[in-house]
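First listed ligand is number 1; within each ligand, the first listed atom is number 1. The first residue in the sequence is number 1, and the count goes up from there. The shown structure was predicted, so the numbers you read here are calculated from the model rather than taken from an experiment. Every heavy atom of this structure was used, including side-chain atoms; hydrogens, water molecules and symmetry mates were not.
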Amino acid sequence: MLEKDLKKVLVSQEQIIERCTEIGAQLTEEYRESVGNVLFVGILKGSVPFMAELIKHIDLPIEIDFMCVSSYRGTKSVGDIKIIKDLDRSIIGMDIVLVEDIVDTGITIKRLKKMLFDKGAKSVKVVALLDKPSRRQVEVEADYTGFKVENEFVVGYGLDYNQLYRNLPYIGVLKDELY
Ligand code: 5GP
């Protein structure tokens, strides 16, 4: 049903799970000494499937939480961000792993990193399922990236088009006539 709307598949479910296994092992190693102090923060709604898969491969006791922010697309100023759902707890002194669906212009993660440090985080690292390096407008990179994609609009695995296709279990590109 959903598959017929796609022009092509860019990243399969198997590839995503394999990459989450690899990144999960790296994060497990990186935060081994921080047990009890690590909070994974997912950005709603796009990060939900990636967050769910990734944390299954973290072999440490971690906490998870979610934030929802408005993106103000079109503005370039950093720090101007509206919180729709805030974190449930104080993060003072905590090691934060920010989990995002995609880094595009970079504006969102740059703002979020600043906000998390302003809230007192000890460290903030960014994990993004996808990266579109050709679109970057501000100097910021994810610390861990699942896959690099070309400059085209992608959907699936949390990423939407008009709030649809988030439940597609892989990453793809929609047929031109759907836009
Ligand atoms: P940035 O601030 O890096 O430009 O924006 C990141 C946000 O833009 C992502 O979290 C995502 O919601 C949205 N976005 C950027 N590129 C795409 C894309 O190719 N497909 C979809 N569905 N969303 C995108």
If we count only N and O atoms by modelled type, under 3.5 Å, do the side chains of D5 and Y165 hold a donor and an acceptor together?
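Looking only at side-chain atoms, Y165 and D5 do form a donor-acceptor pair, the distance falling under 3.5 Å.
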
Within a reach of under 6.0 Å around CD of E150, are more than 12 heavy atoms found that belong to other residues, nucleotides or ligands?
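Atom CD in E150 is not packed in, count stays at 12 or less.
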
Only heavy atoms of [X], strictly under 4.0 Å: list the atoms of ligand 1 that pass.
X: D101; result: 9 (C), 10 (O), 11 (C), 12 (O)
X: T108; result: 1 (P), 2 (O), 5 (O), 6 (C)
X: E152; result: 19 (O)
X: D160; result: 21 (C), 22 (N)
X: E100; result: 10 (O)
X: K132; result: 16 (N), 17 (C), 18 (C), 19 (O)

Under 4.0 Å, counting heavy atoms only: does [X] come that close to any atom of ligand 1?
X: V155; result: no
X: K110; result: no
X: G106; result: yes

Exam field: side chain [X] to backbone [Y], donor-acceptor pair closer than 3.5 Å:
X: S34; Y: N37; value: no
X: R111; Y: M115; value: no
X: R136; Y: D104; value: yes
X: K85; Y: F66; value: yes

Against E152, only a single residue in K8, K7, R135, K132 fulfils salt bridge (charged side-chain N to carboxylate O under 4.0 Å, His left out); can you say which?
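Of the listed residues K8, K7, R135, K132, the salt bridge (charged side-chain N to carboxylate O under 4.0 Å, His left out) partner of E152 is K8.
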
For atom 18 (C) of ligand 1, which candidate among F153, Y161, Y165 holds the nearest heavy atom?
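When every heavy atom of F153, Y161, Y165 is considered, F153 comes closest to atom 18 (C) of ligand 1.
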
Any carboxylate oxygen within less than 4.0 angstrom of a Lys/Arg side-chain nitrogen, looking at E139 and K110?
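No, this pair does not count.
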
How does R135 reach ligand 1, by side chain, by backbone, by both or by neither, if only non-hydrogen atoms under 4.0 Å count?
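Within the 4.0 Å criterion, R135 makes no contact with ligand 1.
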
